[in-house]
Amino acid sequence: CAMGRTVHSVQLLVLQVVADVLGRQAKEIQKKASFASDLGTDELDMAEILTKLEHELAITIPDFDEGRLRTLDRLVRRVLACNRREHGRF
């Protein structure tokens with residue numbers, strides 16, 4: 001559950017989930033990295049990333065967001081917004 005987490009810990013969690021799904025080291029992934037062009041992420045990878053984040057943080061990321069989440073930074077901001085909406089934090 002996201003309760004008790006800080007913004008920084010959520011940022012780290014998002015980075016770690018992305019790294020795990022893509023089989024990379026977290027330190028290799030830049031904040032402004034594009035999922036498609038920089039990281040080679042496909043639709044299945046994104047679905048897995050979003051599902052893991054939803055489960056880990058007990059949030060729902062609306063399906064319509066998927067196409068907008070082109071960079072790691074945008075994903076972090078969206079996750080924080082969903083958490084704020086659902087848990088009243090951040």
Novice: Between atom NZ of K32 and atom CZ of R74, what is the distance when rounded to the nearest 0.5 Å?
Specialist: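 Here the rounded value is 9.5 Å.
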Novice: Would you check if V76 and V10 make a side-chain contact, meaning some heavy-atom pair closer than 4.5 Å?
Specialist: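 With C-beta onward as the side chain, the pair stays apart.
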Novice: Applying a strict under-4.5 Å side-chain criterion to I, L, V, M, F, W and Y, I'd like to know whether L69 and L12 cluster together.
Specialist: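 They do not share one cluster, since no chain of ILVMFWY contacts under 4.5 Å joins L69 to L12.
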Novice: Indicate yes or no: at least one non-hydrogen side-chain atom of L39 is less than 4.5 angstrom from one of R24.
Specialist: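 Result yes, sub-4.5 Å side-chain heavy-atom pair found.
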Novice: I need the minimum non-hydrogen distance between R85 and T60, along with the two atoms involved.
Specialist: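 Result for this residue pair: NH2-O, 3.1 Å.
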Novice: What's the shortest heavy-atom distance between P62 and C82, and which atoms?
Specialist: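 Smallest interatomic distance, heavy atoms only, reads CD-SG, 4.0 Å.
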Novice: Quick one: closest heavy-atom pair of D45 and V21, and the distance?
Specialist: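 Heavy-atom minimum between the residues: O-CG1, 3.8 Å.
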Novice: Can you list the steps and then say if R5 with N83 is a side chain to side chain contact (heavy atoms under 4.5 Å, CB included)?
Specialist: CA-CA 10 Å; R5 290 190 183 269; N83 195 74; over 6 Å; no
Novice: Between E56 and V17, is the side chain to side chain contact (heavy atoms under 4.5 Å, CB included) condition met? List the steps.
Specialist: CA-CA 10 Å; E56 191 72 32; V17 166; 5.6 Å; no
Novice: Applying the side-chain contact (heavy atoms from CB on, under 4.5 Å) test to T41, which of R70, M46, E48 qualifies?
Specialist: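 Testing each of R70, M46, E48 against T41, the sole residue satisfying side-chain contact (heavy atoms from CB on, under 4.5 Å) is M46.
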Novice: Which heavy atom of F35 sits nearest a heavy atom of L75, and at what distance?
Specialist: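 Shortest heavy-atom separation between F35 and L75 comes out as CZ-CD2, 3.7 Å.
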Novice: Above 12 or not: heavy atoms from other molecules or residues under 6.0 Å from CD of E86?
Specialist: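 Atom CD in E86 is packed in, count exceeds 12.
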Novice: Roughly how far apart are Q11 CD and L72 CG, rounded to 0.5 Å?
Specialist: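 Here the rounded value is 9.0 Å.
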Novice: Of the non-hydrogen atoms in T51 and A47, which two are nearest, and what is the gap between them?
Specialist: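 Nearest heavy atoms, T51 then A47: OG1-O, 2.8 Å.
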Novice: How close do A58 and H87 get, counting heavy atoms only, and between which atoms?
Specialist: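 Looking at all heavy atoms of both residues, the shortest contact is O-NE2, 2.8 Å.
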Novice: Using modelled atom types and a 3.5 Å cut-off, is there a donor and acceptor pairing between side-chain atoms of Q16 and backbone atoms of A26?
Specialist: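 Side chain of Q16 to backbone of A26: no pair is present.
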Novice: Find the distance between NZ (K31) and CG (D73) and round it off to the nearest 0.5 Å.
Specialist: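 Here the rounded value is 5.0 Å.
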Novice: Just how far is it from atom CG of L53 to atom CZ of R78, taken to the nearest 0.5 Å?
Specialist: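 Atom-to-atom, L53:CG and R78:CZ are 13.0 Å apart.
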Novice: With rounding to the nearest 0.5 Å, note down the distance linking OG1 in T71 to CD in Q30.
Specialist: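 If we round to the nearest 0.5 Å, T71:OG1 and Q30:CD are 12.0 Å apart.
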